[in-house]
Each structure stands twice: as structure tokens, then as C-alpha cells.
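In what follows, a single structure is set out as C-alpha cells and then discussed.
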Amino acid sequence: MSEIENLSREDEAAIERLNDAGAAMIARTVEWAKTNTGSWNLDGLKDFAPILADAFSALEADVQLKAGDVFERVTDSGTSEEIETGPILRVAARPDAPVQVVMSGHYDTVFPPGTFTEITDLGNGRLNGPGLSDMKGGLNVMLEALKAFEAGSMKDTIGYQIVVTPDEEIGNFASAGALTEAAQSGALIGMTYEPCMETGAMSGGRKGSAVYDIVLHGKAAHAGRAKEEGRSAIEAAAELVVGLERLNGQRDGVTFNVGSIDGGNAVNIVPDLAVIRFGARAPDQEAAAWANNQIEALLDKALTRPGITGHLHGGFYRPPKPRNAAQQALFDAVSGAGRAIGLEMEFVDTGGVCEGNNIFAAGVPNVDTLGVRGGRIHSSEEFVETDSFSERAALSAMILNRLADGRIDGKKIKALMP
Ligand SMILES: [Zn+2]
């Protein structure tokens with residue numbers, strides 16, 4: 001079969017429309033990148049959310065901005081504080097259509113205000129700027145692909161739930177509930193718009209990611225007059241940290257990293273507080289459970305020290321997304337859609353995590369790097385390839401068209417989930 005035979009008339013119409021929309025997608029992405037939406041910049045997030053909602057109002061859908069869940073963060077002094085983020089964009093269309101899709105993306109970036117603001121044309125079709133790839137560009141790809149799909153005749157076959165979050169770069173703690181809810185409202189597959197690699201390669205299997213805080217309390221005492229009355233939280237923490245790092249290499253694909261230790265005070269005071277912050281990654285659910293058990297055992301051991309109390313916060317906030325049969329079937333289907341428009345598709349396993357992990361954990365197979373081609377993300381060298389806007393929007397439109405006319409059997413793919 002030739003590639004042309006793989007294109008329906010609907011496909012051809014969408015491709016043409018999305019070619020024409022390329023310049024507008026680029027211009028809007030650049031415009032969006034001018035508002036700083038660093039994950040902790042509440043003012044910037046609140047300013048930007050209505051702009052986003054307005055753009056998505058072009059869809060034949062119900063568009064709402066909703067407050068996220070308040071979440072807790074352990075402070076350096078070992079207490080918990082409540083954190084508020086920007087609104088979550090929720091878009092819902094045709095909930096009774098036979099094929100339901102969950103789509104997601106984020107509008108926060110890793111850049112605090114004033115750190116990286118310039119948008120620079122690097123030449124050769126590359127633009128450098130904050131969030132152009134990760135992922136304001138991807139949001140435009142999602143939006144235009146849906147507009148193209150809705151302009152076609154198969155619109156009524158597909159309904160969708162979109163969640164665009166303000167807190168992906170810090171772990172989706174405020175929006176995880178919204179992602180799960182959207183995924184579990186009947187979605188057969190998920191489509192998330194993280195950038196793919198510069199080469200066009202997309203993410204295959206993803207590890208799970210955990211963030212933990214351990215708070216240890218000891219007993220303060222004067223180090224000279226009454227050292228024996230004190231109980232050092234730092235000493236307990238030190239043994240625990242060494243134990244955590246020694247877990248590395250004990251199980252395939254599982255890694256631990258202690259990122260910071262806070263606590264203590266003057267050198268003449270036995271320290272009564274230590275806060276250990278660390279991360280863990282695991283390739284599958286069993287490995288994640290193993291990691292969690294090891295951590296709890298180390299904490300239990302620390303708490304057998306006289307006068308030491310403490311507790312563990314956190315866990316695998318993004319469960320692993322292994323390349324199971326459902327994922328592989330979806331990757332194959334997406335590859336077919338890509339080949340029809342001349343894309344050589346490749347899926348590469350990664351230790352990185354994203355909303356695709358959450359959607360997978362909610363029981364929905366998904367592909368999560370449907371955004372623009374780009375690179376150097378999370379650095380001031382972040383760039384986007386401008387010719388990827390039309391290309392990647394067309395890829396999404398091909399997937400939607402195939403889901404709508406049955407060339408991709410969403411039900412069959414979903415049924416492969418354990
Ligand atoms: Zn991202």
C-alpha cells in the first residue's frame with residue numbers, strides 16, 4: 001500500500017488546513033511565551049489562564065477555569081504549609097460520543113519571573129524562548145489539531161476531555177485529581193503534548209517518579225554542658241542518607257537521590273531537626289513498591305535510635321508507565337498515522353516523567369510527546385523547530401481521524417490494559 005492510499009479525504013483536508021495554520025500557531029506560541037508562567041509565579045499563572053481559556057473557546061466545547069487542589073509542602077523547618085497554584089483549564093466536548101479521548105498539557109514553565117524572558121530567532125527555523133517547546137507550542141498543536149478535526153465531517157464520533165495544568169513542572173500535586181477524573185470519564189486513549197525530541201523521536205516507556213521528605217526530630221541540648229542529654233537529628237539523618245544512597249544498584253532500574261538536607265543550627269547546640277529531601281525512580285509498579293518498602297525500613301531503623309522521632313511524606317506521585325501491550329499497540333497505531341504523512345516514528349524509553357504517567361495510572365493507554373519538536377528544554381537554550389507545528393498538528397489530526405473512522409481501534413487498545 002502506498003502512503004497516499006493511507007490518507008482519507010478527511011486526512012487530506014486536515015493536512016491542508018494545518019499547513020495553512022502553521023504561521024498562526026508559531027505567532028500565538030511566541031505571544032504566549034511573553035507572559036511568565038513559572039510554576040511558582042501565581043500572578044503570572046492567573047494572568048495567563050484566561051488567555052488560554054479564550055483560545056480554547058474556539059472549540060465546540062465547554063471551557064472552564066477551575067481552582068486546583070490545595071497541596072502541602074514540607075518547609076525547611078519541618079512544618080507543612082499549604083500551596084495554591086493557578087487555575088486548571090478544563091475543556092469538555094461531546095461526552096456521549098462513542099470514542100472518548102483525554103488530552104492534557106501544562107502551561108507552567110520551569111522559569112521564575114525575570115530569569116529567561118527573551119525570545120530569539122536563531123535562524124534555520126529555530127526559535128529560542130521560555131516554554132516555546134515545553135509546552136506552549138504543544139498547547140497550540142493540540143488546539144489546532146482539534147479545530148481541524150472539528151472542521152471535518154466525523155466530529156460527532158469523538159468526544160474529549162482536556163486538562164491543561166498550572167503545576168506539571170512541580171509534580172501536578174494540585175491537578176492530579178483533575179487528570180485522573182478526566183481520564184476516567186470513559187477515555188479510550190490519552191494524548192499529551194510534551195515536546196518530542198529534535199529528531200522527532202517520542203517517549204516510549206517511562207519510569208515512575210517519587211519525591212519524599214523525611215522530617216527527623218531529636219532533642220536540643222547545649223553541646224558543652226549537656227551533650228549527653230541531646231539527641232542529634234543530624235546524626236540520625238546522616239545514617240539514613242547513607243542508607244538511601246546505598247540502595248542504588250540493588251534493583252534494576254531503581255535509583256535514589258538525596259537532593260538536600262536541612263536542619264541544625266549553631267555548633268554548640270545538639271541539632272533537634274533534620275529534613276531530608278530525596279527522589280526515587282522505578283521502572284514498574286513492583287519496583288516502586290520495593291523502593292517504598294526499603295525507604296520505610298530505613299526510616300524505622302532511624303526511629304529505633306533513642307529520642308528520635310520522625311515521619312515520611314510523599315511517595316510515587318507519578319507511577320511508572322511501562323511499555324505494556326496496550327502502550328505498544330498505541331505506539332504502533334501512532335506510527336502508522338505518522339508514516340501516512342511521511343514521518344519516521346520512533347519511541348524511546350526514558351527515565352523522565354510527565355502527565356502521561358498519571359493518565360496511565362488512571363487506566364488509560366496514552367502517548368505523551370505529541371507536541372512540537374524541540375530541545376534543550378528546562379534551560380535558557382530551549383528551542384523549538386518552527387516547521388514542526390504544522391507537522392505535529394497533522395500527526396494528531398491523523399490520529400483523531402483514524403480513531404473516528406476505526407482505522408485505529410481505541411476500544412481494542414484500551415482492552416489490552418491490565
Ligand atoms: Zn513539559
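When a ligand or atom number is given, it counts from 1 through the structure's own listing order.
Using modelled atom types and a 3.5 Å distance limit, the side chains of Asn6 and Arg339 yield no donor-acceptor pair. Side chains of Ser104 and Thr192: a donor-acceptor N/O pair is present below 3.5 angstrom, by distance only.
Among the atoms of Glu168, no N, O or S atom is found under 2.8 Å from the Zn ion (ligand 1).
Shown here are the side-chain hydrogen bond (donor to acceptor under 3.5 Å, both in side chains) partners of Asp134, two or more places apart in sequence or in another chain: His106, His378.
Considering just the N/O/S atoms of Asp134, the one nearest the Zn ion (ligand 1) carries the name OD1.
At the Zn ion (ligand 1), the vertex angle linking OE2 of Glu194 with NE2 of His106 is 80° (nearest 10 degrees).
Ring orientation note: the planes of Tyr212 and Phe278 are close to parallel, at an angle under 30° on the 30°/60° scale.
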